[in-house]
There are 2 protein chains.
Amino acid sequence: MDSPFVMKLEQFRRFSDEDRRLLSELTSKRQQQYGAREDIVREGEHSPDIHVVISGLACRYKILQDGRRQIMAFLVAGDPCDSEIFILKEMDHSIGTLMPSVIASIPGDTMKDLLLNRPGIALAFWWNTLQDEGVLRERIIDEGRRDAYSRIAFMIYEILLRLRAVGVMDDESFDLAITQTDLADATGLTPVHVNRMLQRLREEKLIAVEGKRWTVLDPAGLRKAAQFEANYLHLDRAKDEPDSEAGKRLKGLI
Amino acid sequence: MDSPFVMKLEQFRRFSDEDRRLLSELTSKRQQQYGAREDIVREGEHSPDIHVVISGLACRYKILQDGRRQIMAFLVAGDPCDSEIFILKEMDHSIGTLMPSVIASIPGDTMKDLLLNRPGIALAFWWNTLQDEGVLRERIIDEGRRDAYSRIAFMIYEILLRLRAVGVMDDESFDLAITQTDLADATGLTPVHVNRMLQRLREEKLIAVEGKRWTVLDPAGLRKAAQFEANYLHLDRAKDEPDSEAGKRLKGLI
DNA sequence: CGCCGGGTTGACCCCACTCAATGATGGTGG
DNA sequence: CCACCATCATTGAGTGGGGTCAACCCGGCG
């Protein structure tokens, strides 16, 4: 069983056995347990290491002058957090956990070696950056043009898809200790309104929430409510190889 | 006088003379004049070339199911449009001009050679991708947390800053045949409301618009109205070299 | 037991949208 | 050179989606 990190990067292209081994090793060595609501990297800092989410949930966020928080992206198992740090002097946003999570760190020098000497790995990382960009662009559409109901549906559907892609779900359920306030900070809505929209999604039997356990009862319905188009995730390569693991996991969703 | 393309990439790091020469050559060879509102690359297509804006104004956009358009980013002189096409199978959004523009194309193979053999150039391109990501993240904050007035101010201030960085402005004025509808599609507002916000910015003597000529009368005031923080553009390297051309051009703005 | 962080509900309000009409402006062809 | 038309900017009136404020509930925990 591969690590979610390898699975994530392998959505794009199959690694050589050697590359896969190197990557697995990389994240298995230095893992650290974080609690909920802890910062991994803070805005303005420069970290010597690159971090990867192994399990749990983190997010990119920024605190505005007036104290409000905007979450710009969720980071799930397999997601690299800060590959940009090689190039940029300092982070322009913070990264923190939303629930207890395991985070691996990769020494910057090791990473640099890999990127220079392993074209396959470098390519996978570049691709990952481009997927991130696609997700950000889609979120701009989301905020610019969808109403609150679709926005919430969209956010949940995207999480579903991304968790599926790295294989950390049971059927259509996932454990996420995500609060309505987190969702509000991510969608640009108020917690009160998020609450009402979630109620509607539950009434319509699209989702169910019991404690921290989220279940998507009707993926197709949720997808429709979200006005979801998947092309921005560029999972097409996985889809085109239906026998691949990623292909199987995403069947019927994209 | 360097091309805006070189100036743009050199915001990050100084090139060797050889690299600079190669880049200048690259964009001077195959230039094409586009009219207003023409597509350069369309969603779903795969272009063999990479495009660079030489002059004018283009944007990344997507047409939604219901026919509305969302502009996700403006592309000004010096901006590469589609470096992602090396990796991704097809574009997940379109790129089109907003006013008559000159666009250079660089053959994909030539580009690939450069990226593999010229680490300085590859680095500059990666950096450019990361800056783009920063801009996208900032736009998410913009849409999520700012009101219409700040959003319009923000958009104008960002354009001011980016045009300054590549040196295509006279004082605080620039010629942009950008319509209020374009601004609306970029900010997620309606044209009517954009109109009212622009009126307010003019009443407050922050900007002036005569025909296609936009003038920023009060950069500091506009910046304040936009609640603008510049760190996401990562222009700090230019700032730290006050003697550099980019440093001079951005003095007092970041 | 009391506290605290979250979820839920209701009443009220305002920012931005909608719809619709009217001016400007500029390009085009006769 | 002017009539025409398309496009864009502007204005007004009315509406509604989502925000604000505040109360209350609930479960977990020290």
- Query: If you look at every strand shown and take non-hydrogen atoms under 4.0 Å, does A/R202 touch a base, only sugar-phosphate, or nothing?
  - Reply: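 Sugar-phosphate contact only.
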Q) B/R146 near the nucleic acid: base, sugar-phosphate alone, or nothing, with a heavy-atom cut-off under 4.0 Å? A)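 No contact.
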Electrostatic pair [X]-[Y], nearest N-O below 4.0 angstrom:
X: A/D185; Y: B/R145; value: yes
X: A/E45; Y: A/R42; value: yes
X: B/E138; Y: B/R151; value: no
X: A/E158; Y: A/R162; value: yes

Return the value, rounded to whole Å, for the distance between atom [atom1] of [X] and atom [atom2] of [N].
X: B/E210; N: D/dA9; atom1: CD; atom2: C1'; value: 16 Å
X: B/L201; N: D/dT10; atom1: CG; atom2: C1'; value: 16 Å
X: A/D182; N: C/dG5; atom1: CG; atom2: P; value: 14 Å
X: A/D147; N: D/dG19; atom1: CG; atom2: P; value: 12 Å
X: A/L98; N: C/dG6; atom1: CG; atom2: P; value: 11 Å
X: B/Q180; N: D/dT11; atom1: CD; atom2: P; value: 10 Å

Does the structure place the NZ or CZ of A/R200 under 6.0 Å from the centre of the six-membered ring of A/Y149, at an angle of no more than 45° from the ring's axis?
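Positive - A/R200 is close enough to the ring of A/Y149 and near enough to its axis.
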- request: Mind running a 4.0 Å heavy-atom check of residues 183-200 of chain B against DNA chain C and sending the residues that fall below it, in number order?
  value: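 Hits under 4.0 Å, by residue number: B/G188, B/L189, B/T190, B/V192, B/H193, B/R196.
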query = Looking only at atom types and distance, does a side-chain atom of B/S150 sit under 3.5 Å from a main-chain N or O of B/A225, one as donor and one as acceptor?
reply =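 Side chain of B/S150 to backbone of B/A225, a donor-acceptor pair under 3.5 Å: yes, one is there.
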